[in-house]
Each structure stands twice: as C-alpha cells, then as structure tokens.
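Chain identifiers are assigned alphabetically (A, B, ...) following the order of the sequence lines, protein sequences preceding nucleic acid strands; residue numbering begins at 1 within each chain. In this text, all values refer to a predicted model and were calculated from it rather than measured experimentally.
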Amino acid sequence: MSLRIYNTLTGEKEIFEPIVPGKVGIYLCGPTVYKPAHLGHAVGPIIFDAIKRYLTFKGYRVTWVVNVTDVEDKLMAEAARLGTSVPKLARELEQKYVESMHALGVRTIDHMPRASEHIPEIITQIQQLIAKGHAYAVEGDVYFDVTRDSDYGKLSNRKPEEQFAGTREGLVQGNKRNPGDFAVWKAAKPEEPDDVKYDSPWGKGRPGWHIECSAMSMKLLGETFDIHGGGLDLKFPHHENEIGQAECATGKPFCKIWMHHGLTRFNTKKISKSDPEFEKVMSSLQLSNLLKAHPPELLRFLIVQSHYRSPIDFSDDALQAAKTGISTFYRLFERLERTTGADPYTATDGVEKLSDQPTNPAIAAVRDSILNSRLRFLEAMDDDFNTAGAIGVLFDIAGQINKFLDAARLETKPDEPARITAQAAGASLITLGRLLGLFLEKQAKPALADDGRTGKLVELLIDVRKMARTAKQFAISDHIRDNLGTIGIVLEDSQDGTRWRVE
RNA sequence: GGCCGCGUGCCCGAGUGGACUAAGGGAGCGGAUUGCAAAUCCGUAAUUCGUCGGUUCGAAUCCGACCGCGGCCUCCA
C-alpha cells in the first residue's frame with residue numbers, strides 16, 4: 001500500500017512520490033513571534049511531527065523546516081506597546097514557543113530559520129523578481145505585480161481581477177499598480193526603531209510578510225521541494241503569494257504538495273483576532289497556560305485524535321474525554337510493567353519479532369491479532385495521515401493485550417512464554433504510538449508529596465483494611481477505602497492484593 | 001457577491017462507489033469478575049449517514065437542488 005496525501009493544489013489525494021527518491025523536504029509555516037502561542041499554533045507542529053516520524057519510519061530521509069518570522073509590522077507594534085525592542089520580544093517568544101513544542105513532543109524539526117537572518121536571500125529574490133518584471137519599486141517600497149503572474153490564484157482558486165469587487169472594504173491602492181499587488185519590501189519610516197531597518201537597494205526597510213517563507217524554504221530545501229504545510233487560514237493570501245514570488249523568481253514549480261490543516265475552534269468558532277471575545281478566550285488557550293494545567297501528552301492526544309484537515313473543537317468536555325481515554329493506555333503500561341517486570345517504555349522488540357513456531361493458541365491469537373492491527377494502523381496512516389483512524393487501532397490493541405493479560409493471570413501464575421508475549425505486545429503498542437509522537441516517555445505518575453512516610457501510612461491502612469475484610473468487617477474496610485478516595489487515593493483490590501494510586 | 005469545506009448514534013470522531021451486517025473514544029445501560037467497589041473483559045446504540053431528487057446492478061460515499069454550520073476574500077497556525 002502506498003502513501004496518499006491530499007494536495008490542496010489539485011484538490012485530490014495523490015500517491016506520494018518524492019522529487020528525489022528516498023528524500024523528503026517539508027516546510028511548515030511557523031509562528032510570527034509577536035504574541036504568546038495558543039493551542040492553534042501547536043496543531044501544525046504536532047501533526048507534521050507525526051508526519052515526519054511516519055515518513056522516517058517508512059524509510060525516507062526527511063528534512064523538516066519551520067520558520068520563525070521575527071521582522072514584521074505586528075511585532076513592531078507589540079514591542080512598542082510593551083516598551084521593549086523587536087529582537088528582544090522576538091527571542092523571548094521564540095524561546096517560549098520552542099519550549100512548548102518540546103513539551104508537546106514536537107522534537108523532529110531540523111531547522112528553524114529566522115527571517116531577520118535571511119535578509120540577503122530575501123533581497124536577492126526581490127531583485128530577481130524586479131529583473132524579470134514581476135515586481136516594481138515605488139518610493140522605497142517594492143510590490144509584486146499580480147497581473148504579471150499568469151497563474152496567480154491557482155492555490156486558492158481566485159482570479160485577482162474578479163476578487164475585489166464584492167470584498168468587504170476596498171483594498172488600499174496606495175502606490176500599487178493593482179489593488180491585488182502586495183509588498184515584498186516595505187520602506188522604513190523615520191520614527192521606526194533602527195533595529196528593524198535593513199539596508200537594501202531601495203533604501204532602508206524590511207521584508208514584506210510572505211517573502212521570508214519563499215526565500216528560506218528555497219534556501220534550505222531547494223527551489224522545488226516536496227511538501228509545504230500550514231493552517232487553512234494561510235492558504236490565501238500567504239501561500240498564494242509565496243507561490244507567486246517563488247515561481248516568478250525561479251521559473252520553476254515551487255512546491256509539489258500543499259497540505260493545510262484545520263483550525264482550532266472554541267465555542268464552534270475559529271479563534272480569530274477580530275473576535276471581540278478574543279482576548280478572553282486567548283488566555284485560557286495560551287499554550288503556556290494549558291501546559292501548566294494539563295499533561296502535554298493529553299493536548300497532543302486531543303489534536304491527533306481527529307484528522308488533521310478537520311477543525312478541532314476545543315472544550316473542557318473534549319479534554320476530559322481524552323483524559324479518560326488516554327488513561328486506558330497508562331493503566332495498561334503500568335499493568336505490563338507489573339506483570340512482565342519490564343518497563344514497556346524501554347522495550348524494543350515488538351510482537352512481529354515473535355517466532356511463528358507453533359505455540360499455545362492464546363499466544364498465537366494475540367500475536368496474530370496485533371499483527372493484523374499493526375497493518376490497519378499503517379493503512380490508516382498511509383491514507384492521508386489518518387491519525388484518528390490510527391488511534392482507534394491503538395485502542396483495539398490495548399483491548400487485545402488486556403484480554404490476554406486477563407486470561408494469562410501472570411500476577412499469580414508465572415508463565416515465561418506468556419510473559420514474553422505480553423512484553424512484546426506492549427512494545428508493539430508503544431512503537432506504533434510513537435509514530436504519532438505519543439508515549440515518548442513515561443508519564444510522571446501523580447504521587448504523594450512527602451518524604452515517603454505518607455505512603456507507608458497508606459500501606460498501613462491497606463493492611464488494617466485487609467484484616468477487616470478477612471474478618472468480614474466490611475463497614476470498616478469500606479470506610480477506609482471511601483475516605484481515602486475522597487482525598488484522591490484510589491484502592492483497587494485484585495487477586496494478588498490491593499493496589500493504590502493517587503488521582 | 002466570489003471561492004472553499006462540512007453536516008455520521010446522546011456527545012466526540014473514522015469511513016468518501018460493492019470486504020459497511022457503518023472503526024474507535026466519552027457518557028449511559030446490562031453482564032462477567034468483586035463481599036461491595038475500582039480496574040479489566042464481554043454485550044448493548046445509527047436498518048441508517050442534514051433534506052429531497054438523480055446517476056448506478058449497487059451510494060454515507062458520485063451529481064443536482066434545498067436547509068443548516070463554518071472558513072477565506074490582504075490580521076491569522
């Protein structure tokens with residue numbers, strides 16, 4: 001089965017064939033670092049991290065680039081408002097962004113180029129555009145001429161001449177030849193700070209919003225590369241303009257596949273900067289706040305649980321449901337460690353490594369069933385990175401392992417072949433999950449904050465409760481369990497004794 | 001006004017012409033297990049995929065109309 005990817009450019013799922021066999025170049029539009037990142041900013045990185053993991057698993061050598069736009073009008077305004085400088089603000093927010101991404105398991109980015117460090121490349125590209133008649137300079141500004149680009153609009157299916165008649169408010173014409181033209185270079189104004197004024201053939205100024213992506217992607221990935229991604233809201237104008245600039249400058253196709261992910265919604269609405277509720281909603285959706293309130297893996301799970309092209313409705317209910325769901329895996333991993341004596345997070349050999357030698361039917365059944373699920377997982381991923389379908393398979397596997405463990409009773413009945421099977425099954429599950437960036441490392445279990453004595457006290461209570469149960473003094477035993485429950489200590493009785501955990 | 005997308009059980013969410021007698025999760029209910037719970041396992045819900053038509057031997061899947069929701073049209077991940 002071959003990998004198919006939905007390409008916005010053609011509107012179809014296409015069989016993926018890299019430009020250079022065995023190698024894949026990916027560019028994802030990263031943040032403009034002028035405000036703290038919110039949940040929506042994590043969607044692209046999370047799904048592309050999973051995409052890179054999967055492509056790497058399939059044997060491709062992948063180079064993944066995420067830009068940082070650190071010279072831009074909004075940044076200047078925000079820096080002025082905060083009484084700080086643009087570079088200082090940009091570095092601060094970039095640092096926070098990188099930390100958040102790392103916490104979320106996004107660890108496969110190869111390059112994070114900054115716009116401010118690619119001014120020469122940007123200027124070169126603008127010069128190419130001017131030389132070929134695709135851009136023109138007016139009073140220190142340089143504009144891209146959309147009328148000189150015959151297939152401008154092919155990504156978003158727009159024709160510039162038809163575009164502006166019914167638009168909400170007429171476009172500002174200014175010095176532009178056509179209303180649809182856009183700036184590739186902006187002249188500096190005298191009152192602007194010196195650290196955002198760059199020398200250029202057109203005087204001091206700074207790049208327009210789209211040009212940094214064309215310049216940096218081509219520098220790192222070549223003039224034509226495989227995959228360009230970003231949020232659906234960037235399709236027009238940002239990506240359309242990138243294509244225009246890049247292809248007019250080089251005369252070559254810019255990017256083969258365009259992938260756009262869905263937007264995060266809150267109260268069934270997109271988180272939009274023009275929303276009057278924006279600021280209020282923002283603080284609750286700010287990544288740094290969310291990451292303080294919830295395990296990062298939960299947020300990742302929530303995002304990867306729906307298909308990347310669908311919008312994600314974020315709510316406390318959704319978060320709670322995801323939390324309950326993912327705990328199925330955590331419980332299973334604990335159970336595996338308990339019953340096999342091996343930490344599934346460090347295991348490597350999955351069930352596919354178990355021999356086909358005739359063995360007992362239960363072992364053969366769980367092995368075959370997991371092997372089959374593994375295939376379904378890969379099929380889902382091959383179908384336009386259907387992470388939602390893939391997670392469904394993960395739940396199936398967890399059920400299969402639990403069932404096997406229920407039957408094998410390893411807690412009370414040592415059985416080496418069954419133990420090895422359980423261990424391998426767990427490794428298979430974790431390995432597949434890691435293709436989605438899940439189960440990267442063991443979750444810190446909620447624990448009692450103390451010097452160890454409280455734990456001993458809990459053990460003592462469990463011991464007393466056991467005496468009560470033996471004597472059928474259930475009022476006493478239930479009193480102990482119920483009241484420990486109210487302070488977040490959950491008791492679970494089983495054949496091999498009573499376990500407790502903190503919630 | 002133009003362009004694009006979506007509408008699947010109580011909720012979320014896969015599936016996009018025949019292997020669908022429509023994954024999976026959450027909630028609910030029933031059962032196994034348990035002294036009772038918890039955890040785990042098993043079972044249970046859409047004769048139906050917004051509505052109405054059409055194409056087809058066959059449609060949740062393709063086409064058309066309509067209804068509803070959302071996105072973009074130079075702030076956006």
Side-chain angles (χ1 to χ4, degrees), chain A residues 8 11 13 28-32 34-35 37-45 72-74 153 156-160 162-169 171-172 179-183 208-210 229-238 240-241 260-265 268-274 278 301-302 305-307 309-313 315 317-318 320-328 331-332 334-335 376 380 383 386-396 398-399 401-407 469 472-474 477-478 481-482 485 490-495 498-501:
Chain A
T8 308
K13 283 186 196 170
L28 174 70
C29 281
T32 300
Y34 73 106
K35 288 249 175 159
H38 63 250
L39 186 68
H41 293 111
V43 174
E72 214 268 337
D73 290 19
K74 294 191 295 293
S156 55
N157 216 343
R158 286 158 215 265
K159 295 194 178 76
E162 292 171 3
Q163 197 54 53
F164 306 106
T167 195
R168 48 188 176 190
E169 53 211 66
L171 284 165
V172 182
D181 292 354
F182 56 90
W209 173 39
H210 319 290
L232 210 47
D233 52 351
L234 294 183
K235 194 159 90 175
F236 186 88
H238 185 59
E240 195 69 75
N241 292 354
H260 289 98
H261 65 257
L263 304 174
T264 305
R265 306 194 301 179
T268 73
K269 280 239 170 101
K270 178 193 152 194
I271 307 160
S272 166
K273 289 197 181 127
S274 53
F278 182 71
F301 185 79
L302 190 70
Q305 209 180 9
S306 65
H307 185 87
R309 282 191 282 126
S310 311
I312 295 167
D313 276 306
S315 66
D317 285 353
Q320 189 51 50
K323 192 175 174 180
T324 311
I326 202 171
S327 69
T328 299
R331 294 233 168 76
L332 174 59
E334 283 170 34
R335 187 181 186 190
R376 286 196 294 130
D383 183 10
N386 184 357
T387 54
I391 283 195
V393 178
L394 256 28
F395 276 104
D396 282 345
I401 299 176
N402 266 320
K403 208 195 300 191
F404 178 73
L405 254 18
D406 280 357
R469 288 180 74 207
K472 300 207 184 299
Q473 299 281 349
F474 295 121
S477 64
D478 289 350
R481 186 178 62 201
D482 293 348
V490 180
L491 263 42
E492 295 179 5
D493 296 326
S494 75
Q495 304 238 324
T498 299
R499 282 187 294 276
W500 63 280
R501 60 184 156 85

Length of the [atom1]-[atom2] vector between [X] and [N], whole Å:
X: A:Phe236; N: B:G2; atom1: CZ; atom2: C1'; answer: 12 Å
X: A:Asp233; N: B:U74; atom1: CG; atom2: C1'; answer: 13 Å
X: A:Leu332; N: B:C41; atom1: CG; atom2: C1'; answer: 13 Å
X: A:Leu302; N: B:G24; atom1: CG; atom2: C1'; answer: 15 Å
X: A:Asp396; N: B:G15; atom1: CG; atom2: P; answer: 16 Å
X: A:Phe404; N: B:C41; atom1: CZ; atom2: P; answer: 15 Å
X: A:Asp313; N: B:U8; atom1: CG; atom2: P; answer: 12 Å
X: A:Asp73; N: B:C75; atom1: CG; atom2: P; answer: 11 Å

Rounding to the closest angstrom, what is the interatomic distance between [N] and [M] at atom [atom1]?
N: B:U51; M: B:C69; atom1: C1'; answer: 15 Å
N: B:U61; M: B:G53; atom1: P; answer: 14 Å
N: B:G13; M: B:C49; atom1: C1'; answer: 13 Å
N: B:U8; M: B:C4; atom1: P; answer: 22 Å
N: B:G43; M: B:A22; atom1: P; answer: 15 Å
N: B:U47; M: B:C20; atom1: C1'; answer: 12 Å
N: B:A46; M: B:C66; atom1: P; answer: 33 Å
N: B:G1; M: B:A19; atom1: P; answer: 41 Å

Query raised in the report: Do the non-hydrogen side-chain atoms of A:Thr264 and A:Pro311 ever get within less than 4.5 Å of each other?
Result: no
Requested in this report: For A:Arg469 and A:Asp478, run salt bridge (charged side-chain N to carboxylate O under 4.0 Å, His left out): C-alpha distance rounded to whole Å, both residues' side-chain angles, the deciding distance at 0.1 Å, then the answer.
Outcome: CA-CA 9 Å; A:Arg469 288 180 74 207; A:Asp478 289 350; over 6 Å; no
Report task. List the steps, then state whether side-chain contact (heavy atoms from CB on, under 4.5 Å) holds for A:Arg331 with A:Ser327. Result -> CA-CA 6 Å; A:Arg331 294 233 168 76; A:Ser327 69; 3.8 Å; yes
Report task. Could you work out which one of B:C76, B:G71, B:A14 sits closest to the side chain of A:Leu263? Result -> B:G71
Query raised in the report: A:Arg158 side chain: which of B:C73, B:A14, B:A77 is closest?
Result: B:C73
With [X] via side chain to side chain donor-acceptor pair (under 3.5 Å) - residues at least two apart:
X: A:Asp482; answer: none
X: A:Glu240; answer: A:Ser156
X: A:His210; answer: A:His238, A:Asn241
X: A:Lys323; answer: none

Requested in this report: Let me have RNA chain B in dot-bracket notation, would you? Count Watson-Crick plus G-U wobble pairs, both distances under 3.5 Å, and use [ ] for pairs crossing earlier ones and | for inter-strand partners.
Outcome: ((((((((.[[[..)..(.....]]].(((((.......))))).....[[[[[..)....]]]]])))))))....
Please classify the nucleic acid contact of [X] as base, sugar-phosphate, or nothing, using heavy-atom distances under 4.0 Å.
X: A:Ala318; value: nothing
X: A:Gly229; value: nothing
X: A:Leu232; value: nothing
X: A:Asp482; value: nothing
X: A:Gly44; value: nothing

**Report entry** Pairwise 5' ranking along RNA chain B for A:Ile312 and A:Phe301, keeping only the more 5' one
**Finding:** A:Ile312
Query - Of A:Ala322 and A:His238, the one whose closest RNA chain B nucleotide lies more 5' - result: A:Ala322
Query raised in the report: How would nucleotides 34-40 of chain B be written as a contact map, 5' to 3', with B for base contact, S for sugar-phosphate-only contact and - for no contact, using protein heavy atoms under 4.0 Å?
Result: -BBBBSS
Query raised in the report: Is the backbone of A:Gln320 close enough, under 3.5 Å, to the side chain of A:Thr324 for a donor and an acceptor to pair up by distance?
Result: yes
Requested in this report: Using only side-chain N and O atoms of A:Asn386, determine if any of them is under 4.0 Å from OP1 or OP2 of B:G15.
Outcome: yes
Query raised in the report: A:Leu28 and A:Gly230: which non-hydrogen atoms are nearest, and at how many Å?
Result: CD1-N, 3.7 Å
Requested in this report: Of all the heavy-atom pairs spanning A:His261 and A:Gly44, show the shortest one and how long it is.
Outcome: CE1-CA, 3.4 Å
**Report entry** Ion pair check, A:Arg499 and A:Asp493, cut-off under 4.0 Å
**Finding:** no
